[in-house]
Amino acid sequence: MPSTAKASAPPRRPAEAPVWAPALESAIADLTTGAAVWTQLTLDQRARLLERVRATVVSHAEEWATTSARTKGLDASHPLVGEEWLGSPYGALVALDGYVATLRKLAAGGSPLDGVRIDEAPGGRVRVHVFPAGATDRVLLSGFRGEVWLQPGVTAAEAVRAAGLGQLTPTQPGGIGLVLGAGNQSSIPVLDVLYELVASNRVVLLKVNPTQDELVSLLTQALAPLVELGLLRIVTGGPEVGEYLTQHAAIGHVHITGAAATFDAIVWGPATGPGAAQTARRRREHRPRLRKPITAELGGVSPIIVVPGRWTEADLRFQAEHAATMRLYNSGHNCIAAQVVIVSEDWPQRDAFLAALRTAYDAMPSRPVWYPRADEQLAAAASDYPDAHWNASHDRAFVELGPGDDPTPLQQTEYFAPVLGVVTLPGLGQEFLDTAVAHANDRLAGTLGANIMIDPVTERALGDGFERAVAALRYGSIAVNTWTAFGYLNAAHTWGGFPGATLDDVGSGIGVVHNALLLDSVERSVVRGPFRPFPRSLSALGGTGIVSVLAKPPWFASSRTAAAVSEGFTRFQMDHDWARFSRTIVQSLRA
């Protein structure tokens with residue numbers, strides 16, 4: 001007789017951990033030990049440790065630059081390979097030198113702001129003059145200046161007391177931070193790691209973007225002193241690894257450089273697919289999926305505001321090349337790449353400038369459009385603007401908005417590819433500038449960076465009105481007659497979106513990085529450069545404007561000697577060999 005007893009269900013097997021999980025758990029265990037080691041190091045020991053890191057970065061600098069170039073499809077002879085010298089080891093070395101100097105001051109009982117000029121900026125703000133920091137800066141980048149503006153109401157005395165951030169309480173542990181690295185510039189994750197360690201006393205688990213997997217071994221060697229003490233672990237993997245780590249109980253903080261969509265997925269959950277309804281409910285109820293602090297740098301649509309003036313033919317050509325560089329550097333795959341040029345419809349030289357800009361945009365050296373899905377972005381631009389001008393190889397779009405064109409895609413979509421557009425607004429002088437500032441603030445996505453081109457005569461005529469317009473721009477980095485990337489490359493400046501972003505509306509991100517003086521309550525950085533290069537900049541002697549000895553900044557894509565000069569700048573940062581750098585100066589004059 002068959003049994004009527006109900007057959008028992010087989011015991012449920014526990015879900016098997018992914019094959020990559022043990023390696024991550026081992027890395028987290030190492031960092032737990034390393035966090036205790038970091039709190040035991042004195043400020044002087046920390047400075048000496050970063051000097052050791054500097055030495056290992058120097059020994060791997062050439063390999064770092066050449067490997068970065070190769071991963072982007074550039075061979076050693078390509079005229080733009082210098083971009084990888086600046087975008088890889090140069091930025092890391094400048095940051096390391098800045099943090100060492102700050103730690104040395106703190107270790108001696110001083111403040112990072114000792115010897116640094118502080119004055120007032122518009123709107124009750126304190127302004128810290130962070131660049132040039134010494135004679136070397138004045139020679140290397142003559143004519144360039146940089147400031148960090150603090151939030152309104154912060155006094156100079158408060159700024160001095162707070163400068164130092166985590167290094168004011170070095171024995172207080174910051175736990176383990178997760179850095180989800182950017183994929184477009186290999187210095188970005190390195191700089192993020194350093195800032196986590198120094199500003200917040202957090203040891204770091206760095207998950208590199210898959211585009212940089214080839215660099216992992218090199219970065220591990222370049223940052224070996226941090227790895228050896230358990231202060232850093234570097235791992236690879238796709239979204240599933242990022243998901244695992246962001247939810248890990250041992251991770252106390254997350255920092256991401258990337259896209260707002262990725263940020264939202266981490267904080268709230270997937271926007272599409274089976275989990276989309278739950279994500280929407282979390283947002284309505286303001287119940288973030290991520291239950292730990294997160295900071296982020298997320299890019300945006302950056303403007304170039306061209307203030308009308310009386311420009312020479314040489315001015316038109318130079319600034320057109322300047323604007324084209326801001327878009328085409330790294331083939332447009334930069335969070336700070338300019339995307340919208342704002343010009344005056346009443347400027348008598350408007351047509352001449354736009355003609356020069358189209359010419360410069362087409363004439364820049366050809367290079368691969370290499371970032372994943374960039375072809376989709378170019379296709380989207382072609383669909384959005386079927387009348388756009390394309391270069392001969394059809395991988396650069398130039399969009400001049402006409403009366404019937406919808407400006408929304410251009411102004412709200414960060415194409416992250418070679419797409420440059422033009423928006424025309426009415427007015428001249430202060431009227432135009434104020435209109436352009438309001439347009440950038442209200443119509444363009446993001447708050448990361450804005451650029452202004454203005455000739456010295458017009459700037460002097462506007463006087464305080466110009467500085468008030470700079471103050472009115474709601475951007476974390478503002479560049480006057482230079483590119484905001486200059487602020488990125490010099491870590492004394494801060495880097496991040498304008499304050500005020502939230503988990504619900506993250507914009508260009510939350511918090512800042514770089515910030516080598518470890519300033520608190522930061523609002524923005526403002527960098528300024530010469531309107532004219534050498535030798536035309538000499539016209540400023542005894543008159544208006546800024547004198548510079550650079551024929552072209554080394555990051556200009558149109559510079560004939562950019563590769564040699566960028567490498568020379570980096571090698572000088574490595575060894576401060578003035579004899580060798582004199583040859584770089586000669587090369588720069590041939591740019």
Side-chain angles (χ1 to χ4, degrees), residues 80 83 299-306 308 311 313 315-345 347 349-371 373-425 436 439-440 443-445 449-453 483-485 555-559:
L80 298 180
E83 292 183 6
V301 174
S302 294
I304 305 172
I305 297 174
V306 182
W311 294 11
E313 289 290 330
D315 293 338
L316 293 168
R317 288 194 303 272
F318 179 79
Q319 296 299 346
E321 293 175 11
H322 195 179
T325 291
M326 293 183 201
R327 177 72 262 186
L328 295 177
Y329 194 98
N330 197 31
S331 205
H333 310 314
N334 282 333
C335 56
I336 202 56
Q339 184 165 302
V340 174
V341 181
I342 303 177
V343 296
S344 167
E345 65 185 24
W347 185 26
Q349 293 180 291
R350 171 187 174 274
D351 291 345
F353 174 72
L354 293 182
L357 179 55
R358 283 190 296 271
T359 298
Y361 196 66
D362 285 347
M364 292 295 179
S366 178
R367 62 169 298 166
V369 179
W370 63 273
Y371 203 74
R373 302 183 66 180
D375 55 341
E376 297 176 19
Q377 295 297 313
L378 291 174
S383 175
D384 294 334
Y385 300 104
D387 295 330
H389 167 77
W390 291 83
N391 65 337
S393 53
H394 207 76
D395 56 10
R396 294 177 192 169
F398 187 80
V399 179
E400 292 185 65
L401 292 177
D405 291 327
D406 179 6
T408 304
L410 179 67
Q411 297 185 148
Q412 289 293 310
T413 304
E414 183 188 12
Y415 285 112
F416 216 69
V419 179
L420 182 65
V422 177
V423 170
T424 304
L425 300 176
H439 188 94
R443 303 293 182 86
L444 305 187
N451 310 276
I452 304 173
M453 294 177 175
W483 181 23
T484 46
W555 53 85
F556 264 49
S558 58
S559 170

For the CZ atom on R350, are there more than 12 heavy atoms of other groups (residues, nucleotides or ligands in this structure) within a distance under 6.0 Å?
yes
Atom CD1 of I305 and atom CD1 of I342: how far apart are they, to the nearest 0.5 Å?
5.0 Å
Worked check of ring pair (Phe, Tyr, Trp, His ring centres under 6.0 Å) between W483 and Y329:
CA-CA 11 Å; W483 181 23; Y329 194 98; 5.4 Å; yes
Nearest 0.5 Å, what's the CD-CG distance between E400 and L357?
8.5 Å
Hey, can you tell me if H322 and F318 have their rings parallel, tilted or perpendicular (30° and 60° cut-offs)?
tilted
With a 4.5 Å cut-off on side-chain heavy atoms, are R396 and M364 touching?
yes
For a 4.5 angstrom cut-off between non-hydrogen side-chain atoms, does N330 reach R367?
yes
Mind checking whether W311 and F353 have parallel, tilted or perpendicular rings, split at 30° and 60°?
perpendicular
Output the distance between atom CD (Q377) and atom CZ (F416), rounded to the nearest 0.5 Å.
9.5 Å
pair L328-Y361: side-chain heavy atoms closer than 4.5 Å
yes
Should E83 and W555 count as side-chain neighbours, where that means a heavy-atom distance under 4.5 Å?
no
Could you check whether any side-chain heavy atom of V341 comes within less than 4.5 Å of a side-chain heavy atom of L420, counting everything from C-beta outward?
yes
